[in-house]
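For the single chain, residues carry numbers from 1 onward in sequence order.
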Amino acid sequence: MINQRIRAAILENKDELIEIRRKLHSEPEVSWEEFKTTDFVCQYLDNLGITYRETNPTGVIAEIKGGKPGETVALRGDMDALSVQQLNKDLTYASKIDGKMHACGHDAHTAMLLVAAKALNEIKADLQGNVRLLFQPAEEVAEGAKAFVEQGAMDGVANVFGIHIWSQMPTNTVSCSPGPSFAIADRFVVTFTGKGGHGAMPHDCVDTAVVASSFVMNVQSVVSRTIDPQKSAVLTVGKMEVGTRFNVIAENATIEGTIRCFDSTVQDHIETQLKNYAENTASLYGASTKVEYIRGTPAVINEESSAKLVQNITSEAFGAESLYHEKPTMGGEDFSVYLENKPGAFALVGCGNPDKDTQWSHHHGNFNIDEDALITGAELYAQYVWGFLNQKAAFVR
C-alpha cells in the first residue's frame, strides 16, 4: 500500500517543508484575510505546473490529474491564523504581526499539503484517479468549508481526507478512529430586558444583573439534570455584559456562550431547554428575554472504512507503535461540512514534545510544533491518496 517514491520525495523536501511552515508562521493572516497566503500557494503550484483556481475572497482549489482513470480524492489543509499575541517571541520565525499568530497549526497544514502535492505530482502518471487540493480559508470562524462547498470544492469528489496537527499527542503519533472526533459547536446569545433605576431604589426596578446571574447559575442543570449522563455535552457561558454604572440598576444584560455535543438529538434538546430556562427566569423576575441560538459546525464523524485506511497506512508507513487513540474532543472543526457531503476521515498527527517546548495547548500564545511531525503529516496526506485510489482500482477490477 505504501508508495516508496512518495516517501522519498517527502524526505527529500524536508528542509523546504520546514522553511515553508516557518515562512507562513511568521506572516499570519486571520480568517478571510489570507491574501498573501493565497498568493504564496498559487506561486508554489505554478512552479509545479499544477492547475488551480482561486476562490472568493481567499483560498485555492487545485487539481492533479492522474495518468489513469479513477475517482477523485480531496485533501484539505486550512490556512488561517488567530488573533492571539505570540508569547514565545524568541523563535527565529515568530510572528511579525502584533496580535496575530498561527496558534493552532494551520501553517503546518498548508505546508504539509503543499509538499504532499509536490510528491503526488511527481507520481501522477501512476495515479489511478485524481487529487483535489483544498487550501481552505476561515476555519477558525467555521465559515471556510461551507464557502468552499458552495464554490464547488466537493463536486465530483468520492472521498475527503484532512489532518490536524495535535500538540496533546506525542510527536509522530497518528489518531484516526471511526466515529466521532470533533463535536458540534453552536453559539447562543441571551438578552434580558428589565427596568433600570437608581441603585438605592431597587424596589422600583427589575434588576437584570440578578436575572442574568440566576440564569447563568441554573442553566448548567440542563446538562447535569436533563441529559443522559452517557451522552456528552458542554454548556459554557463565556461572556456576560450587565449594567453601565456602579450605582445604577441594570436594565439590560447580554449573555453569550457555546454548546458542544456529538448527538443532534442532544443538540435539539439543549436549544429547547436553553430557551425555556431563559423565558422562565425572565418571567420569575418580571423581565423579558430574547434567545438567539446559532448552529455552527456539525460533529466530525469519521467514516469507518476511511478511518481504517488511515490506521493501516499509519501502521505500515510509520510502524504500529505510531497508532494512537485520542479521545474525541469537544472542540469544533468545520471539516465536518465536507463529511456531510462525502465519506472520509480526519486524522490527528501528534506534535507534542516537552523537550522542544511544543506541549502547549492550541490557541495559546506559546503554541508551537515539533517540526519532525511535518514529515509524518505530509507523507500521510500523500499516502492516503495512493492507498484510497489503489484500493478503489482493485475493487473495480
Closest approach of [X] and [Y], non-hydrogen atoms and distance?
X	Y	result
Ile369	Thr358	C-CG2, 3.3 Å
Trp360	Asp357	NE1-OD1, 2.9 Å
Ile270	Ala233	CD1-CB, 4.0 Å
Val310	Ala345	CG2-CB, 4.3 Å
Ala212	Met240	CB-SD, 4.0 Å
Leu309	Gln391	CD1-OE1, 3.9 Å

Would a 4.5 Å heavy-atom cut-off, applied to side chains only, mark [X] and [Y] as touching?
X	Y	answer
Ile2	Ile313	yes
Arg5	Trp386	no
Met101	Leu82	no
Val222	Leu274	no
Met112	Ile165	yes
Asn368	Tyr93	yes
Met330	Ser232	yes
Gln267	Ile259	no

Regarding [X] and [Y], does a basic nitrogen lie under 4.0 Å from an acidic carboxylate oxygen?
X	Y	answer
Arg295	Asp268	yes
Glu122	Lys118	no
Glu271	Lys275	yes
Lys36	Glu27	no

Examine distances only and state if a side-chain atom of [X] and a backbone atom of [Y] form a donor-acceptor pair shorter than 3.5 Å.
X	Y	result
Glu251	Gly197	no
Thr110	Asp78	yes
Ser175	Tyr324	yes
Thr289	Thr191	yes
His362	Phe367	no
Asp80	Glu140	yes
Ser26	Ala94	no
Thr37	Glu34	no
Ser213	Ala209	yes
Asn302	Ser177	yes

Hydrophobic cluster membership, [X] vs [Y], 4.5 Å side-chain cutoff:
X	Y	value
Leu339	Leu348	yes
Met79	Val141	no
Leu120	Phe135	yes
Leu389	Tyr381	yes
Leu75	Val337	no

Do we see a donor-acceptor contact under 3.5 Å between the side chains of [X] and [Y]?
X	Y	result
Asn218	Ser214	yes
Gln151	Thr55	no
Gln85	Asp98	yes
Gln86	His25	yes
Glu303	Ser306	yes
Asp46	Gln43	no
Arg132	Asn130	no
Tyr277	Ser221	yes
Thr297	Asp334	no

Kindly assign one of parallel, tilted or perpendicular to the pair [X] and [Y], based on the angle between their ring planes and the thresholds 30° and 60°.
X	Y	result
Phe215	Phe192	perpendicular
His106	His102	tilted
Phe40	Tyr44	tilted

Inter-residue atom distance [X].[atom1] - [Y].[atom2], 0.5 Å rounding:
X	Y	atom1	atom2	result
Leu127	Ile64	CG	CD1	7.5 Å
Ile184	Ser336	CD1	OG	9.0 Å
Leu17	Glu12	CG	CD	13.0 Å
Leu113	Leu134	CG	CG	8.0 Å
Cys42	Asn47	SG	CG	11.5 Å

Item to check | Step-by-step side chain to side chain contact (heavy atoms under 4.5 Å, CB included) determination, His164 to Phe335 | outcome: CA-CA 10 Å; His164 205 302; Phe335 187 82; over 6 Å; no
Checklist entry - Passes side chain to side chain contact (heavy atoms under 4.5 Å, CB included), Val41 versus Tyr52? Steps please. => result CA-CA 10 Å; Val41 169; Tyr52 63 86; over 6 Å; no
Item to check | More than 12 heavy atoms of other groups within 6.0 Å of Lys356 NZ | outcome: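 Yes, the 6.0 Å shell around NZ holds more than 12 heavy atoms from other groups.
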Next on the checklist: If you count every heavy atom of other residues, nucleotides or ligands that lies below 6.0 Å from Glu304 atom CD, does the total exceed 12?
Outcome noted: no
Item to check | Trace of the ring pair (Phe, Tyr, Trp, His ring centres under 6.0 Å) decision for Phe182 with Trp166 | outcome: CA-CA 13 Å; Phe182 283 71; Trp166 207 243; 5.6 Å; yes
Checklist outcome for this item: Checking Asp355, Val349, Asn353 against Thr171 for side chain to side chain contact (heavy atoms under 4.5 Å, CB included), the one that qualifies is Asn353
Checklist entry - Does the pair Tyr338 and Phe148 meet the rule for a side chain to side chain contact (heavy atoms under 4.5 Å, CB included), with working shown? => result CA-CA 9 Å; Tyr338 300 119; Phe148 254 35; 3.6 Å; yes
Next on the checklist: Using the rule given for side chain to side chain contact (heavy atoms under 4.5 Å, CB included), can you reason through Thr58 versus Glu33, listing the C-alpha separation, both sets of side-chain angles and the distance that settles it, and then say yes or no?
Outcome noted: CA-CA 7 Å; Thr58 54; Glu33 296 179 10; over 6 Å; no
